[in-house]
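Some notes on the structure that comes next.
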Amino acid sequence: MKNKRSSIKRRNQNEENWKSLRTTRDDLSLDRTLPTGQSFRWQKVEEYDENDENEKKYSTYVGVIGRRVVQIRERMEFEEEEEKSYETTTIEFRVLNTNESNICKNEDKENGEQEEEQVTKDVRAYFNLDDPIPLKDLFEQFSKADPYRFGRLSAYVRGARTLRQPPAECLISFVCSSNNNIARIKKMVESLCEKYGEELVCNVSSRSRSRSSGSSGRDDDEENEVNDKEEINESKIYHAFPTVEQLAEKCDEQTLRDLGFGYRAKFIPAMAKELVKRGGEAYLLKLRDAPQTEEEKYRAITELTSLPGVGPKVAGCAALFSLDKKSVVPVDTHVWQLAREHFDPNGELASMETTASTTKGSANEEGAEQQRHKESSTPTTPTKQKDKPLSITPKMMKKCEEMLVSIYGAYAGYAHTALFVAELPTVRESLPEHLRTPTKADKKRGEKNGEKKPEKKKRKFLKVDGENKSDDDGA
DNA sequence: CGTAGACCTGCTTTC
DNA sequence: CATTCCAGGTCTACG
């Protein structure tokens with residue numbers, strides 16, 4: 001009994017550890033930001049509401065920011081004022097690992113408060129929340145500039161934020177992303193951290209269960225251990241992302257190959273060594289803090305691209321997601337697809353696809369039948385020949401980026417993030433049919449069923465086409 | 001300078 | 001159920 005009492009006390013203390021991030025869901029949606037392939041380190045975790053009798057579950061995200069294990073949640077509150085009830089969402093976080101959070105508990109008050117302030121500052125910085133312009137305002141600007149696509153989409157991607165990650169972590173993570181899928185990227189990044197990163201020890205209540213969607217097995221829902229009435233206070237170990245120094249010193253290709261990095265295994269140690277040579281993380285931070293000019297942006301990209309394993313796409317991601325280069329639009333296959341679908345009324349982008357191909361089969365011998373599509377007479381999907389995996393050339397990237405920058409301006413990268421998020425399966429599902437970008441599967445199916453191309457209504461995005469999709473997401 | 005292959009691996013889809 | 005495809009590209013070798 002006494003046991004129980006003390007545990008309750010502890011939990012309430014824990015509950016008090018939640019601190020407001022001081023933002024709103026117009027400015028930050030966790031679901032549209034954390035699991036969207038900007039960072040690969042966040043896990044969705046189910047928690048039980050400790051104040052609620054029924055102990056309802058709610059979802060949170062747990063990840064690592066620097067050397068802190070951070071848990072974040074969106075808490076809904078119902079307030080009643082003058083016979084009306086309002087629903088507000090408060091976004092809160094707390095630090096889980098003891099080595100960090102103890103500092104602000106056991107030391108003297110002043111020190112503690114200072115530390116608390118620092119934590120909030122750091123977490124806010126990670127989420128880019130100190131931007132001069134609130135995301136909501138930016139979305140309005142984007143919508144005004146592009147009512148046809150962004151305007152109709154914005155309600156569904158509200159709060160889709162561009163992060164501001166530690167540069168080396170971001171860069172190295174994206175080196176893993178080439179020719180790869182998100183699930184495996186996550187796995188690789190995680191194993192890299194486990195292997196080389198500093199240990200971060202957390203005390204975890206046994207009642208919180210991981211519901212990691214995808215990465216490691218599906219051990220959820222298996223209530224084999226029904227001991228959750230007992231307050232087993234296990235400790236869980238997380239890992240910081242390894243520093244470039246740690247990687248440069250300890251990391252080698254063979255180990256990474258054994259960890260499943262494939263051909264990317266040689267890039268990581270090589271890059272880490274090169275980064276250390278150039279001054280380590282500080283070198284990258286210098287690129288971040290340089291004046292926000294076109295010239296410096298170009299320079300940052302050039303510098304990054306000279307690192308092993310870093311091409312224009314990865315450099316773009318690092319620049320946008322960690323180096324404050326907000327006008328950068330990293331063009332990958334998805335961005336290319338969506339740009340071609342929604343921002344290419346004259347078929348400029350489409351016409352660039354003709355030469356690109358990447359196949360292993362020797363289509364030469366039997367290539368007797370060539371498509372005579374020399375001039376794309378119709379702007380609609382001229383290059384729909386055999387399904388050669390489309391590869392995006394630097395020239396295509398440049399064109400695509402320029403096009404989007406011309407529409408969205410200095411924060412084009414933020415617009416890109418939102419547009420990209422709209423293409424992710426979970427978000428896509430929440431869109432009304434007519435806003436969904438056709439997938440390859442869709443097109444394939446269309447071909448099979450009967451050539452009926454959905455007949456794109458290719459009008460320039462200029463007119464506020466009279467429907468007001470008022471509110472809401474279909475989450 | 002601008003383009004074809006090769007390149008690791010695991011998940012999904014199809015034979 | 002095994003096979004093939006594809007996944008948020010980059011590097012290298014050639015015209």
Side-chain angles (χ1 to χ4, degrees), chain A residues 35-40 162-163 170-192 213-218 253-268 270-271 274 301 304-321 328-340 352-364 367 383 386-401 413 416-417 419-425 427-428 437 439-445 448:
Chain A
T36 60
Q38 296 184 60
S39 166
F40 302 94
T162 304
L163 295 174
C170 185
L171 187 55
I172 291 165
S173 296
F174 276 97
V175 166
C176 301
S177 76
S178 83
N179 202 14
N180 204 352
N181 60 71
I182 292 185
R184 186 152 82 108
I185 299 168
K186 268 185 172 167
K187 217 176 287 184
M188 289 161 61
V189 169
E190 215 45 57
S191 55
L192 190 70
S213 55
S215 42
S216 47
R218 309 197 60 72
E253 173 175 354
Q254 190 51 52
T255 306
L256 293 187
R257 276 191 182 270
D258 295 342
L259 286 175
F261 278 64
Y263 64 83
R264 308 161 196 84
K266 61 174 177 290
F267 294 141
I268 310 294
M271 163 186 284
E274 178 59 26
I301 298 280
L304 295 179
T305 306
S306 70
L307 292 163
V310 181
K313 158 61 169 57
V314 169
C317 286
L320 176 63
F321 299 142
V328 170
V329 178
V331 178
D332 57 37
T333 58
H334 290 171
V335 173
W336 177 261
Q337 296 295 345
L338 77 85
R340 244 209 33 173
M352 299 177 80
E353 287 182 0
T354 54
T355 53
S357 70
T358 300
T359 332
K360 60 289 155 77
S362 56
N364 283 340
T383 67
K386 279 305 179 187
D387 33 356
K388 298 173 187 185
L390 178 66
S391 86
I392 316 291
T393 68
K395 200 204 285 186
M396 292 159 74
M397 292 184 187
K398 187 164 186 291
K399 182 72 182 173
C400 186
E401 177 170 25
H416 142 276
T417 298
L419 294 173
F420 181 85
V421 165
E423 304 297 331
L424 297 172
V427 179
R428 200 182 117 87
T437 305
T439 64
K440 267 160 288 186
D442 288 334
K443 295 181 176 175
K444 216 172 189 178
R445 199 144 28 79
K448 241 180 187 177

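A, B, ... follow the sequence lines: proteins, then strands. Residue 1 opens every chain. These numbers come from a predicted model, not from an experiment.
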message: Once you apply a heavy-atom cut-off of 4.0 Å, does A/Q38 come out as touching a base, just sugar-phosphate, or nothing?
response: base
- prompt: Quick one: does A/R184 reach the base of B/dC8 with a side-chain donor-acceptor pair under 3.5 Å?
  reply: yes
task: Look at all strands and tell whether A/L307 reaches a base, only sugar-phosphate, or nothing, counting heavy atoms closer than 4.0 Å.
output: sugar-phosphate
- request: Look up atom CE in A/M271 and atom CG in A/L307, then write down how far apart they are to the nearest 0.5 Å.
  value: 5.0 Å
message: As a test of reading the structure: which of B/dC8, B/dT3, C/dG9 is closest to the side chain of A/T393, going by heavy atoms?
response: B/dT3
- prompt: Should A/E253 and A/R257 count as an ion pair when the cut-off is N to O under 4.0 Å?
  reply: yes
field: Distance in angstrom units between A/L419 CG and C/dG8 P, rounded
entry: 17 Å
message: Can you identify which nucleotide, out of B/dT3, B/dC8, C/dG8, has its nearest atom closest to the A/H334 side chain?
response: C/dG8
message: Distance check, rounded to the nearest 0.5 Å: A/C176 atom SG versus A/I268 atom CD1?
response: 4.0 Å
- request: For A/R264 and A/S178, indicate whether the former's side chain and the latter's backbone hold a donor-acceptor pair under 3.5 Å.
  value: yes
task: Between B/dT14 and C/dA7, how far apart are the P atoms? Round to whole Å, please.
output: 14 Å
message: On DNA chain C, compare the nucleotides closest to A/N181 and A/V314; which residue's is nearer the 5' end?
response: A/N181
- prompt: Between B/dG5 and C/dC5, how far is it from one P atom to the other, in whole Å?
  reply: 16 Å
Atom-to-atom span, CH2 of A/W336 to C1' of C/dC6 - whole angstrom: 20 Å
Pairwise P distance for C/dG8 and B/dA4, with rounding to whole Å: 23 Å
message: Just to be sure I understand the rule, does A/I182 reach a base, reach only the sugar-phosphate, or reach nothing, if contact means heavy atoms closer than 4.0 Å?
response: base
message: By the 4.0 Å heavy-atom rule, please label A/V331 as base, sugar-phosphate, or nothing.
response: nothing
Interatomic distance, A/H416 NE2 vs C/dG8 C1' [rounded to whole Å]: 9 Å
statement: Testing B/dC7, C/dT10, C/dG8 for proximity to the side chain of A/N179, the answer is B/dC7
message: Taking the P atom in each of C/dT10 and B/dC11, what is the distance between them to the nearest angstrom?
response: 24 Å
- request: Using a 4.0 Å heavy-atom cut-off across all strands, classify A/T305 as base, sugar-phosphate, or nothing.
  value: nothing
message: In whole Å, measure the gap between the P atoms of C/dC11 and B/dG10 for me.
response: 23 Å
- request: Please work out which of the three classes, parallel, tilted or perpendicular, describes the rings of A/F174 and A/F40, given edges at 30° and 60°.
  value: perpendicular
message: Rounded at 0.5 Å granularity, tell me how far CD in A/E274 sits from OG in A/S306.
response: 7.0 Å
- line: By the Watson-Crick or G-U definition, both distances under 3.5 Å, B/dA6 is matched with C/dT10
field: Side-chain donor/acceptor of A/R184 to backbone N/O of A/N181, under 3.5 Å
entry: no
message: By the 4.0 Å heavy-atom rule, please label A/V310 as base, sugar-phosphate, or nothing.
response: sugar-phosphate
statement: A/R428 atom CZ is separated from C/dG8 atom P, nearest whole Å, by 14 Å
- request: Would you mind reading off the distance between A/M188 atom CE and C/dG8 atom P, rounded to a whole angstrom?
  value: 13 Å
task: Would you mind reading off the distance between A/F261 atom CZ and C/dT10 atom P, rounded to a whole angstrom?
output: 17 Å
message: Once you apply a heavy-atom cut-off of 4.0 Å, does A/R264 come out as touching a base, just sugar-phosphate, or nothing?
response: base
message: What is the separation between atom CG on A/L390 and atom C1' on C/dC5, rounded to the nearest whole Å?
response: 15 Å
field: Residue-phosphate contact under 4.0 Å: A/K187 side-chain N/O, B/dC11 OP1/OP2
entry: yes
query: Just how far, in rounded Å, is P of C/dC11 from CD of A/E274?
result: 13 Å
message: By the 4.0 Å heavy-atom rule, please label A/P394 as base, sugar-phosphate, or nothing.
response: nothing
statement: Side-chain contact check for A/S178: nearest option of B/dG10, B/dC8, C/dG9 is C/dG9
task: Identify whether any heavy atom of A/G309 sits under 4.0 Å from a base atom; if not, whether one sits that close to sugar-phosphate; answer base, sugar-phosphate or nothing.
output: sugar-phosphate
